[in-house]
Amino acid sequence: MYLSRFPVTTLKETPADAEVISHQLMLRAGLIRRLASGLYSWLPLGLRVLKKVENIVREEMDSSGAVEVLMPSIQPAELWQQSGRWEQYGPELLRLQDRHGRDFCYGPTHEEIITDLANRELTSYKQLPVNYYQIQTKFRDEVRPRFGIMRAREFLMKDAYSFHLDQASLQETYDLMYQTYTSIFTRLGLDFRAVMAHSGAIGGSSSHEFHVLAESGEDAIAFSSDSDYAANIEKAETLPGNDQRAAAGADMQSIDTPGQHSIDEVSAFLKTEPSRCVKTLLVNGTEEGSVVALVLRGDHGLNEVKASHLDAVASPLVFASDEQIRKVAGCSAGSLGPVGLDIPVIADHAALQLADFICGANTDGKHLTGVNWERDCPLPVAADLRNVVDGDPSPDGKGTLSVVRGIEVGHIFQLGQKYSSTMDATVLDENGKSITMTMGCYGIGVTRIVAAAIEQNHDENGIIWPDAIAPFSVAIAPINFQNTDSVRETAIRLHDEFTAAGIEVLLYDQKARLGAMLADLDLIGIPHRIVIGERGLKDGNVEYKARAHDKGKDVPLADIVSLIKQALN
RNA sequence: CGGAGUGUAGCUCAGCUUGGUAGAGCACUACGUUCGGGACGUAGGGGUCGGAGGUUCAAAUCCUCUCACUCCGACCA
């Protein structure tokens with residue numbers, strides 16, 4: 001491909017509204033342009049990358065035995081009403097009406113549609129199991145679209161749905177999808193982890209997420225040093241510990257702590273560690289109007305998912321209002337403590353191991369020190385309430401946990417009969433008996449993968465594409481292309497040789513100085529680069545440099561094509 | 001949803017306090033000189049200053065409304 005025939009518009013300056021590096025680089029390299037909040041156009045260069053990702057996903061899905069379909073992006077409300085999600089889904093669901101006033105939505109996902117389709121197409125156990133997938137545009141009206149393509153409103157997703165006669169068959173396909181996803185992300189050239197996950201709004205039981213590891217990831221994931229254990233931090237359990245705590249060594253005292261509200265403020269004021277304090281959070285209980293206290297060690301963070309799963313706690317988790325707090329505790333949020341609270345109290349295991357701790361006195365401007373469970377207040381119910389932290393023991397008993405950040409790019413679920421039962425999706429078994437099908441669902445964020453790949457592979461000069469998804473494999477930068485015959489002829493000949501060899505090559509045939517060419521090529525991240533100059537040509541050499549490596553080297557012109565062929569294998 | 005902020009050329013921004021009819025850099029076009037890591041000169045093209053209304057002899061600038069976008073927060077305890 002000649003650059004003169006393939007419009008690439010790079011930007012020297014970073015557009016002001018791009019925060020994360022992938023968004024900045026995608027705009028600067030001319031991969032995407034923003035149309036409106038959370039909506040992006042893909043320019044030719046970006047689309048080449050997107051197509052590569054899509055093709056790898058498609059090839060691996062096909063080879064797993066899944067079969068491709070394509071369902072409408074606009075979906076009738078009736079099906080969503082049948083599953084109950086028309087009411088459950090909030091404003092994230094983009095609802096619209098046609099000219100007859102009939103309700104529709106732009107699909108954020110396709111469980112309803114596929115279940116309906118399967119119900120029509122699948123009538124016999126002989127047709128099972130089957131795994132339908134599509135690669136298609138979704139729309140979710142995100143509260144806060146951001147990070148460019150990473151959390152856009154409209155995005156491309158591969159979603160697959162499998163149908164089974166029983167759980168054992170589902171488990172088989174689920175395991176197969178786990179393997180398939182592993183192959184996909186491996187082929188994409190990304191550093192990723194599969195982690196146990198919370199199944200969230202889609203429902204179902206077993207679930208794994210696939211994360212591309214990157215500092216800027218929106219999710220925290222925990223994995224063990226000595227075993228395969230890996231889980232989203234939402235899901236990662238803490239071990240109860242031995243429940244032994246030191247004996248009380250101090251008397252309980254009330255201390256004035258004027259204006260000290262947060263744990264950090266209080267612990268600094270009292271010249272101690274946050275881990276010597278407990279924090280008390282009031283949340284709505286299951287019963288209308290009730291309030292429950294959650295107690296954590298000061299340096300630990302509440303895990304809202306775990307908390308909302310407790311029987312006594314309302315789900316989803318809602319924090320008590322200031323009025324409620326004052327009503328049950330008689331103080332503001334900054335002075336809460338478990339001593340003398342006349343509501344259910346649930347404490348995290350780690351908080352229960354403290355002795356002589358510090359907490360709010362339930363009186364504004366006062367905290368208590370030297371507090372001990374049982375002696376000073378009733379022993380609360382114990383629970384796992386907190387997020388795991390670096391160094392916690394692994395829940396499987398092997399090794400310790402590390403917490404890193406990840407970008408969720410894939411998610412597999414066992415849905416069971418959540419949709420098939422409400423939508424009455426059945427087949428006949430070998431005895432002629434009607435059986436409700438068991439389902440699995442498997443998503444991959446195709447557009448998000450592009451952003452995630454950049455988050456993981458870039459330097460100060462721009463993108464460094466993995467070979468598998470680079471828009472072009474090789475770039476040719478000819479010095480003084482217009483005026484130097486030998487350079488021009490060599491460049492064109494190499495271009496043709498690469499093309500003939502089936503290697504995608506971009507020839508920088510536009511008038512530009514070397515520096516400008518190289519800056520552009522670094523920015524757009526083409527993995528292999530050849531500089532052709534009159535000087536090197538005199539010795540029969542061109543310069544070769546891999547984008548990912550520091551130094552270029554002179555290579556005999558005769559060897560360059562085979563050298564790059566090798567590098568690509 | 002709550003809070004803060006920003007809308008001026010394709011991009012990054014200045015001008016607004018103190019009203020006088022719009023600028024810079026990058027990008028773009030032409031010509032020339034350059035040409036091994038983002039060249040330089042000369043000459044150009046491009047903006048109803050987000051929109052509507054108001055105040056005024058006069059509004060990018062002041063006032064009101066509106067739209068769009070961005071950021072922060074939604075564990076303070």
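Here is the naming used below: chain letters follow the sequence lines, and residue numbers restart at 1 for every chain. The figures here come from the full heavy-atom set of this structure, side chains too, leaving out hydrogens, waters and symmetry mates. Owing to the predicted nature of the structure, the values given are computational and were not obtained by experimental measurement.
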| Within a reach of under 6.0 Å around CG of Asp251(A), are more than 12 heavy atoms found that belong to other residues, nucleotides or ligands? | no

| Base-pairing assignment for C40(B) (Watson-Crick or G-U wobble, both under 3.5 Å) | G32(B)

| query | Starting at CD1 of Ile346(A) and ending at C1' of A77(B), how long is that distance when rounded to a whole Å? | reply | 17 Å

| query | Which part of the nucleic acid does Arg529(A) contact within heavy-atom distance under 4.0 Å: base, sugar-phosphate only, or nothing? | reply | base

| Separation of Met517(A) atom CE from C35(B) atom C1', in whole Å? | 9 Å

| said: Using a heavy-atom cut-off of 4.0 Å across all strands, would you classify Val283(A) as base, sugar-phosphate, or nothing? | reply: nothing

| field | Pairwise C1' distance for U66(B) and C28(B), with rounding to whole Å | value | 35 Å

| Which of the following nucleotides, A77(B), G36(B), U70(B), is nearest to the side chain of Val531(A)? | G36(B)

| With rounding to whole Å, what would you report as the distance between U6(B) and U42(B) at their C1' atoms? | 37 Å

| message | Work out how far the P atom of A68(B) is from that of A24(B), and round it to whole angstrom. | response | 33 Å

| If you measure from NZ on Lys327(A) to CD1 on Ile343(A), what distance do you get to the nearest 0.5 Å? | 11.5 Å

| Spacing between Glu543(A) atom CD and G36(B) atom C1', to the nearest angstrom | 8 Å

| request: May I ask you to say what Leu281(A) touches in the nucleic acid, namely base, sugar-phosphate or nothing, with a heavy-atom cut-off under 4.0 Å? | output: base

| query | Is Glu497(A) paired with Arg493(A) through a side-chain N to carboxylate O contact shorter than 4.0 Å? | reply | yes

For nucleotides 12-14 of chain B, give me every protein contact, N/O to N/O, under 3.5 Å, one pair per line with atom names.
residue	atom	partner	partner atom	Å
U12(B)	OP1	Ala16(A)	N	2.8

| task | Determine the interatomic distance between C1' on C71(B) and the same-named atom on G53(B); round to the nearest Å. | result | 30 Å

| said: My understanding is that only residues two or more places apart in sequence, or in another chain, count here; which of them pass side-chain hydrogen bond (donor to acceptor under 3.5 Å, both in side chains) with Asp356(A)? | reply: Asn372(A)

| Counting side-chain heavy atoms from CB outward, which of G37(B), C75(B), U70(B) is closest to Lys279(A)? | C75(B)

| message | Return the pairing partner of U64(B) with a 3.5 Å limit on both distances, Watson-Crick or G-U wobble; otherwise return none. | response | A52(B)

| task | In whole angstrom, give me the gap between the P atoms of C13(B) and A52(B). | result | 25 Å

| task | Just call it for Ile325(A): base, sugar-phosphate, or nothing, with non-hydrogen atoms closer than 4.0 Å on any strand. | result | base

| Under 3.5 Å donor-acceptor, Asn303(A) side chain and Glu234(A) backbone | yes

| said: Whole angstroms only, please: what is the CD-P distance between Glu460(A) and G37(B)? | reply: 17 Å

| task | With heavy atoms under 4.0 Å as the rule, sort Glu19(A) into base, sugar-phosphate or nothing. | result | sugar-phosphate

| field | Geometric cation-pi criterion Arg448(A) and Phe155(A), 6.0 Å radius, 45° cone | value | no

| query | Are side-chain N/O atoms of Asp509(A) and Ser4(A) paired as donor and acceptor at under 3.5 Å? | reply | yes

| query | Rounding to the closest angstrom, what is the interatomic distance between U17(B) and C62(B) at atom C1'? | reply | 11 Å

| note | From CG of Leu11(A) across to P of C28(B) the rounded distance in Å is 11 Å

| Atom pair distance, as rounded to whole Å: CG in Leu282(A) and P in C76(B) | 14 Å

| query | Starting at the 5' end of RNA chain B, which residue's closest nucleotide do you reach first, Ala516(A) or Asn483(A)? | reply | Asn483(A)

| task | Rounded to whole angstrom, note down the C1' distance from C69(B) over to G51(B). | result | 14 Å

| message | Using a heavy-atom cut-off of 4.0 Å across all strands, would you classify Arg386(A) as base, sugar-phosphate, or nothing? | response | nothing

Distance-only criterion, 3.5 Å: show the donor-acceptor pairs between side-chain atoms of residues 520-531 of chain A and protein atoms not counting sequence neighbours.
residue	atom	partner	partner atom	Å
Asp520(A)	OD1	Thr10(A)	OG1	2.8
Asp520(A)	OD2	Tyr508(A)	OH	2.7
His528(A)	ND1	Tyr544(A)	OH	2.7
His528(A)	NE2	Asp467(A)	OD1	3.2
Arg529(A)	NH2	Glu543(A)	OE1	3.3

| said: Base of G36(B), side chain of Asn480(A) - is there a donor-acceptor contact under 3.5 Å? | reply: no

| field | Length of the line joining Tyr508(A):OH and G37(B):C1', which is rounded to integer Å | value | 12 Å

| Gly536(A) near the nucleic acid: base, sugar-phosphate alone, or nothing, with a heavy-atom cut-off under 4.0 Å? | base

| So which nucleotide from C69(B), G36(B), G37(B) ends up closest to the side chain of Ser37(A)? | C69(B)

| said: Taking pairing as Watson-Crick or G-U wobble with both contacts under 3.5 Å, can you name the mate of G73(B), or confirm there isn't one? | reply: C1(B)

| request: Measure distances between side-chain N and O atoms of Arg513(A) and base N and O atoms of U34(B), and say whether any donor-acceptor pair falls under 3.5 Å. | output: yes

| field | Carboxylate-amine/guanidinium proximity below 4.0 Å for Glu142(A) and Arg151(A) | value | yes

| task | Output the distance between atom NE2 (His23(A)) and atom OG (Ser216(A)), rounded to the nearest 0.5 Å. | result | 13.0 Å

| request: Using atom CD of Glu142(A) as one end and atom P of C71(B) as the other, report the distance to the nearest whole Å. | output: 13 Å

| request: Map Arg146(A) and Gly360(A) onto RNA chain B by nearest heavy atom, then report which one ends up closer to the 5' terminus. | output: Arg146(A)

| said: Say we look at U61(B) and U21(B): how far apart would their P atoms be, to the nearest angstrom? | reply: 14 Å

| request: Could you tell me which nucleotide pairs with G25(B) by Watson-Crick or G-U wobble geometry, both distances under 3.5 Å, or answer none if nothing does? | output: C11(B)

